Amino acid sequence: MSAPLRIGLPKGRILDDAGELFRAAGVDLAPLRADKRRLIHPLEAEGLGPVEVLVLRASDVAPYVEHGACAVGVVGNDTLEEQQPDVLWPLDLGIGRCRMCVAGLPGVDPFSLEQPRIATKYGRVAKAHFSARGLDAHIIELSGAIELAPLVGLADAIVDIVETGETLRQNGLVVHEPIFDVSARLVVNRAALRLQMAAVRGLLERLEAAVAAREEAP
Amino acid sequence: MTSNRLPDGVVDLLPGRARALAQAQAHLARAFERAGYARLYTPLFELLEVLEAGLGAEERRALFRLVDPAGGEVAVLRPDFTAQVARVATSKLAALPRPLRLSYEGRIARARDPLGRGLRRRDVFQSGVELIGAPGVDAEVEVILAGVRGVATLGLPLTLDLGHAQLLPALLPPGAPMEAVQAALARKDAAALDRLAPGLGPLARLYGPRPVLDEARRIFAAAAPEAHAALDHLAEVAERLAHAAPEVTVLLDLGTRRQHGYYTGLFFAGYVPNAADAVLTGGRYDDLLGRFGAPEPAVGLGVDLLRLVEAQPGEAAPFGAVLATQEPGSARVLAALEALRDAHGRAVAVPPDAAEVYRAAHGYAVVVEDGPDVF
């Protein structure tokens with residue numbers, strides 16, 4: 001198959017962390033940093049054939065892969081749980097680790113309210129988590145600065161990813177309950193796994209080895 | 001604006017795509033008929049009470065339900081043809097000698113995606129075949145070949161993925177949560193699989209050409225005999241297809257999801273370039289007919305026509321003739337049109353000053369000027 005293996009990567013910190021893993025897997029992402037305006041980066045990867053890398057918004061990676069515009073991608077399972085795309089997610093890359101949490105002001109227990117108002121970027125995750133507790137939460141979907149919502153009375157609590165907890169602390173918020181652990185995953189289009197099997201499998205196996213090596217390192 | 005809205009998950013097919021779809025449907029119909037499958041039409045909607053016997057829990061959740069205004073009973077838009085064909089085969093066609101070879105074409109409706117993956121297409125064009133009363137590899141290969149030949153007439157190279165419904169139950173350690181394991185397997189998440197069912201992780205990586213079967217035999221050497229029977233079965237089907245359809249790339253996938261809960265043995269999915277998911281799915285469903293009448297082994301497949309059409313490369317080639325004439329209704333022109341239709345596939349009469357615009361807008365190949373040599 002001569003078509004290039006197209007890889008979708010998310011902008012930002014994950015891209016830097018993924019760079020290390022991809023380099024170990026034989027795909028050097030350095031040209032991406034050299035030319036930030038370029039949208040499609042053709043790369044040569046030893047033994048994988050031609051590769052094209054697209055740098056996307058984190059929330060766009062799964063749609064690109066699901067619809068086959070990219071054969072593989074890197075995206076956090078926070079986004080996967082929220083978007084529920086129909087893709088394979090065969091490998092935990094172990095980078096971009098954080099936790100999906102319910103958080104809020106220390107004195108306010110959202111689980112004791114009849115209909116807690118929850119501000120979040122993750123409407124589906126939040127709804128499902130409160131539903132599982134038998135609570136019909138009122139979800140307020142925001143696209144940024146979620147921590148602000150409980151401070152100004154917009155919401156009783158928030159559902160968001162928490163890395164160090166520093167932002168929460170600075171705003172006087174606490175974690176009420178973790179929901180699940182988050183890390184970046186390799187995702188693969190179902191058809192690409194069959195139609196570009198050699199390249200997809202090659203990349204998957206090399207990344208698996210790179211992840212294992214990284215985790216063994218002190 | 002509001003008067004032109006459509007619900008999510010449905011589309012209008014405009015002339016270009018509609019023609020491509022009609023042609024794909026015709027190609028498949030011809031391939032299925034050549035292979036001996038007789039056409040059958042089933043109702044667009046049926047009683048829930050009857051049809052639900054043939055549906056799994058997931059499919060039941062995805063049903064488009066309606067209350068029949070004529071009788072107050074709960075009806076459903078058909079979510080699938082296989083259950084309907086099973087119902088007919090065990091009742092109205094119960095007396096016909098076996099095996100039965102039946103084909104269908106038409107549309108199915110889903111209120112939501114049966115696998116819970118958000119709202120996808122809800123009005124799906126399908127064509128397919130069912131081979132009823134036939135056990136064994138011969139029947140499975142026959143059905144697969146009917147599908148392969150059908151897709152081949154559209155000029156698309158096919159990659160076929162084979163799996164087996166008995167494999168996972170045979171390998172699953174006692175007490176492991178089946179549903180969670182299936183979900184992890186559907187994503188090929190080896191780490192999650194190993195956490196849920198220790199030792200099962202390798203299953204997520206067992207896909208590819210035939211040597212994966214040997215690898216599986218080695219890794220799961222101590223597994224129950226049912227697991228080895230499933231692997232042997234897959235090996236035989238793959239071997240037979242390699243000879244009967246060498247142009248098809250045959251892959252094994254020992255950790256894939258079944259498209260339907262009713263598959264009991266071999267199941268398969270066909271992929272073509274430029275389609276993001278399978279265009280053909282099928283499998284053996286030996287327990288389904290027994291839910292409607294006498295139990296019988298059966299195997300079948302369905303083709304997703306729109307996905308197939310969307311995978312076809314390029315624009316449709318223009319064809320047909322526009323006759324530029326001042327006398328569109330005259331007997332002479334009407335006769336000339338028939339002759340042009342024979343020669344060009346289609347022809348229409350258009351006033352000369354509008355002929356070129358009409359040709360370009362509607363995908364005709366040529367404009368023919370009216371005149372003495374139009375015949």
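Numbers restart at 1 for each chain; the letters A, B, ... are given by sequence-line order, proteins then strands. What you see is a predicted model; the values in this text were computed from it and never measured.
Other residues, nucleotides and ligands contribute only 12 or fewer heavy atoms inside 6.0 Å of the OH atom of A/Tyr64. The 12-atom threshold is not exceeded at CD of A/Glu46, counting heavy atoms of other residues, nucleotides or ligands nearer than 6.0 Å. More than 12 heavy atoms of other residues, nucleotides or ligands lie within 6.0 Å of CZ in B/Arg149, so this atom counts as buried by the packing criterion. For A/Glu166, the CD atom sits in a packed shell: over 12 heavy atoms of surrounding residues, nucleotides or ligands are nearer than 6.0 Å.
Considering every non-hydrogen atom in both B/Val272 and A/Leu195, the closest pair reads O-CD1, 3.3 Å.
Contact of B/Ala275 with chain A is made through the backbone alone, with heavy-atom distances under 4.5 Å. Neither the backbone nor the side chain of A/Asp92 comes within less than 4.5 Å of any heavy atom in chain B. Of the atoms belonging to A/Glu208, it is side-chain heavy atoms, and not backbone ones, that fall under 4.5 Å from chain B. Using a 4.5 Å cut-off between heavy atoms, A/Leu186 does not touch chain B at all.
Chain B forms the most heavy-atom pairs under 4.5 Å with one residue out of A/Val87, A/Val65, A/Leu88, and that residue is A/Leu88. Among B/Ala192, B/Ala186, B/Ala190, B/Ala184, the residue making the largest number of heavy-atom pairs under 4.5 Å with chain A is B/Ala186. Chain B forms more heavy-atom pairs under 4.5 Å with one residue of A/Ala191, A/Gly68, A/Ala198 than with any other, namely A/Ala191.
For the pair A/Arg185 and B/Asp189, the minimum side-chain heavy-atom distance is below 4.5 Å. Side chains of B/Asp253 and A/Arg194 form a contact here, defined as non-hydrogen atoms less than 4.5 Å apart.
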Using the rule given for side chain to side chain contact (heavy atoms under 4.5 Å, CB included), can you reason through B/Lys188 versus A/Val188, listing the C-alpha separation, both sets of side-chain angles and the distance that settles it, and then say yes or no? CA-CA 9 Å; B/Lys188 300 215 179 292; A/Val188 179; over 6 Å; no

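Residue-level contacts of residues 202-209 of chain B with chain A, in order of numbering, are B/Arg205, B/Tyr207, B/Gly208, B/Pro209; threshold 4.5 Å between heavy atoms.
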